[in-house]
Amino acid sequence: MTLMRRITAAVLATVAAGAVLTGCGADADRGSGDRAQRPGPVRGADGPENGSGNGAEWNGQGTHEDGGLERAPDASRLSTFALDVDTASYGYAKRRLDQGFLPSPKDVRHEEFVNSFRQDYPAPRGDGFSVTVDGARIGDEEGWSLLRVGLATRPADEANRPPAVLTFVVDVSGSMGDPGRLDLVQKALRAAVGELRDDDSLAVVTFSDHARVALPATRLGAGGARKHALSVVDRLAPEDSTNLEAGLLTGYDVALESARRGATNRVVLLSDALANAGETDPDALLERIDRARSRHGIALFGVGVGSEYGDELMERLVDKGDGHTSYVSTPAEARALFVDRLPVNIGLRARDAKAQISFDPRTVDRYRLIGFENRAVADEDFRDDRVDGGEVGPGHTVTALYAVRLKAGARGHVATATVRWLDPHDRSPHEAAGAVEADRLAGRLWDSGTPPRLRVDAVAAYFADALRTYDTGDGQLPGAPGLAELGDRAHALAATTEDTAVRDLAEAVDSAYALRAG
């Protein structure tokens, strides 16, 4: 770390420590502020474990949670998981760091950090996926490499997309009155009203103690429809408790009544996801969403806001609702989400998409999937199309990283990655595959010749690993650099890529380093 950055980090640490000591009222995360005062080791695990999917939990001490010694991969050498395009975990972690707090480890998910960054994967010719498999050696860690599986869909053709029928379910509970919550939601909705086409329909359901239909489903091309929709948005105001159950039930009722054949029918939940009234049990809420998903194909898109945010609940809801989550904390982020990326959020290229990676036992000694813990699928269910996968929209990318240890002198085939999905219209199954040879993993991860986007992915994954394990040190990735070194690498990549998102990542790593140093 440069001298100037060390000085800056020390100043930041002093300011952050003061903020934690004086307290921030509602901004104090439930316990994470206290954890920020107890730095622990931030390092990589001794190595990944075996298994299909994620396998047994690695505890970083050369054994598994079941007490057994480190084992070679099982005979299947398969890893299977449902695709996930969520990014909310990274957005919320960045918000917490901006406020001077380390995020709670339970709210940090590796894959959502990595998915937050632009990739350079080629687009497929058709409506399915391209599959890219590459990687690089991890520093001086003997035999270990970082293997990357990259999946991409073709970008949206806005002029030819189907009409959208969107039901916005808006949290107007008292907690949404804080700055950066309902005011931000209103900015996002105004942007959406201005961006949607005349043949799109919009409905607004609000919920506090109870739910009400603020705007019935309305085609925006009708006379005065946009102006009326904007007036409804402008009148939104915070009320009382958070009856998320009522909001979802009413929202899905409206979505079912207004659904159009041949259109993209969606429920969009905008909330801090801090349910405290009505049914608050996640399993009961999930059951309702699952019925709407399986019977009517209406997916749920979740947009999180607020310095206190029910990240875990929102993620579980949208996973069950065949959707994905994002998190916004600034007007620029809200506009980017609802204007620049609106077709990605409402469109669909694939239903129930799953990936399966087959490792070659002649070349691979051990491997571990980084993240995707709650997206694991049994290997034998990969081609069982009754088993739920993930939904992926146009222009989306999904990146899965593996720590892989090759056998000494390994040459030739290492792994084959296959993605399977159902056509969103007729539910016919399709597959695509890509393979990687040992020579594609020969370069060193941090060398300038390694693709910059692979290095950005590595920084994001190592950063998530550090935030998840700052109080235990039981990381998933071998060869973990310290936060100071990781910050330097991120700043160098920000200059190389000229990408503001990578610059923001570098600043987030700096903030975490300052908090840990404090």
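- Taking each heavy atom of L215 and A229 in turn, the nearest pair found is CD2-CB, 3.9 Å.
- Taking all atoms of both residues into account, the shortest heavy-atom contact from T87 to S116 is CB-OG, 3.5 Å.
- The aromatic rings of Y90 and F113 stand perpendicular to each other, their planes meeting at an angle above 60°, with 30° marking the opposite boundary.
- Contact detail for N115 and D84: the closest heavy-atom pair is ND2-O, 2.7 Å.
- The shortest side-chain heavy-atom distance between L202 and F168 falls under the 4.5 Å cut-off.
- What you find for V169 and G251 is that their closest heavy atoms are CG2-CA, 3.7 Å.
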Between R96 and D107, is a salt bridge (Lys or Arg N to Asp or Glu O under 4.0 Å) present by the stated rule, with each step listed? CA-CA 11 Å; R96 297 300 295 156; D107 292 334; over 6 Å; no
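- Among all heavy-atom pairs drawn from V185 and M176, the shortest one is CG2-CE, 3.9 Å.
- The pair D457-R148 counts as a salt bridge, with a side-chain nitrogen and a carboxylate oxygen less than 4.0 angstrom apart.
- Using a 4.0 Å cut-off between charged nitrogen and carboxylate oxygen, R109 and D86 do not count as a salt-bridge pair.
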Let's go through K94 and E333 carefully: what are the C-alpha distance in whole Å and the side-chain angles of both, what is the deciding distance for salt bridge (Lys or Arg N to Asp or Glu O under 4.0 Å) to 0.1 Å, and is it a yes or a no? CA-CA 12 Å; K94 195 151 57 78; E333 290 174 352; 3.5 Å; yes
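- The closest side-chain heavy-atom distance from F129 to P124 is not below 4.5 Å.
- A donor and an acceptor atom, one from each side chain of T399 and Y121, are located under 3.5 Å apart.
- Atom NE2 of H425 and atom CG of L348 lie 8.0 Å apart (nearest 0.5 Å).
- Distance check: T496 OG1 to R455 CZ gives 6.0 Å after rounding to the nearest 0.5 Å.
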Between H396 and L151, does a side-chain contact (heavy atoms from CB on, under 4.5 Å) hold up when you go through it step by step? CA-CA 8 Å; H396 263 136; L151 309 172; over 6 Å; no
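- The backbone N or O of H491 lies less than 3.5 Å from no partner atom in the side chain of R503, so there is not a single donor-acceptor pair.
- More than 12 heavy atoms of other residues, nucleotides or ligands lie within 6.0 Å of CZ in R190, so this atom counts as buried by the packing criterion.
- Within the 4.5 Å cutoff, the side chain of V205 has no heavy atoms near those of the Y252 side chain.
- Rounding to the nearest 0.5 angstrom, the gap separating the CG atom in L166 from the OG1 atom in T264 is 8.5 Å.
- Atoms CG and CG, on L493 and L505 in that order, are 8.5 Å from each other to the nearest 0.5 Å.
- The shortest side-chain heavy-atom distance between V502 and R118 does not fall under the 4.5 Å cut-off.
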Between D465 and H110, is a side-chain contact (heavy atoms from CB on, under 4.5 Å) present by the stated rule, with each step listed? CA-CA 7 Å; D465 219 38; H110 295 84; 2.7 Å; yes
Intermediate values then yes/no, side-chain contact (heavy atoms from CB on, under 4.5 Å), T250 and F207: CA-CA 9 Å; T250 304; F207 67 94; over 6 Å; no
Where do V328 and L184 land on the side-chain contact (heavy atoms from CB on, under 4.5 Å) test, with the steps shown first? CA-CA 8 Å; V328 294; L184 196 60; 3.9 Å; yes
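- Rounded to the nearest 0.5 angstrom, L401 CG and L147 CG are separated by 8.5 Å.
- No side-chain donor-acceptor contact under 3.5 Å links D423 and H430.
- For P238, the side-chain contact (heavy atoms from CB on, under 4.5 Å) partners two or more places apart in sequence, or in a different chain, are L182.
- Under the 4.5 Å side-chain criterion, counting only non-hydrogen atoms from C-beta, V267 is not in contact with F301.
- When atom types are taken as modelled, the side chain of Q186 and the backbone of L236 share a donor-acceptor pair closer than 3.5 angstrom.
- Side-chain atoms of D171 and L270, non-hydrogen and from C-beta on, never get closer than 4.5 Å to each other.
- Within the 4.5 Å cutoff, the side chain of Q356 has heavy atoms near those of the D379 side chain.
- With sequence neighbours excluded, the residues that form a salt bridge (charged side-chain N to carboxylate O under 4.0 Å, His left out) with D499 are R453.
- Here D385 pairs with R420 in a salt bridge; the nearest charged N to carboxylate O distance falls below 4.0 Å.
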Full working for salt bridge (Lys or Arg N to Asp or Glu O under 4.0 Å) between D200 and R161: CA-CA 11 Å; D200 295 329; R161 72 164 172 82; 2.6 Å; yes
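- The two residues W421 and G128 come nearest to each other via the heavy atoms CZ2-CA, 3.3 Å.
- Using cut-offs of 30° and 60° for the angle between ring planes, the Y402 and F359 rings count as perpendicular.
- In this structure, the side chain of R468 engages the main chain of V108 through a donor-acceptor pair within 3.5 Å.
- A salt bridge is absent between K354 and E391: the closest approach of a Lys/Arg side-chain nitrogen to an acidic carboxylate oxygen does not fall below 4.0 angstrom.
- Counting only heavy atoms from C-beta outward, the side chains of P122 and T132 approach each other to under 4.5 Å.
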Which is it for E507 and S511 under the side chain to side chain donor-acceptor pair (under 3.5 Å) test, yes or no, and what are the steps along the way? CA-CA 6 Å; E507 292 174 355; S511 297; over 6 Å; no
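- Judged by distance alone, the side chain of R427 and the main-chain N or O of L422 form no donor-acceptor pair under 3.5 Å.
- Note that CG of L189 is 9.5 Å distant from CG of L230, once rounded to the nearest 0.5 Å.
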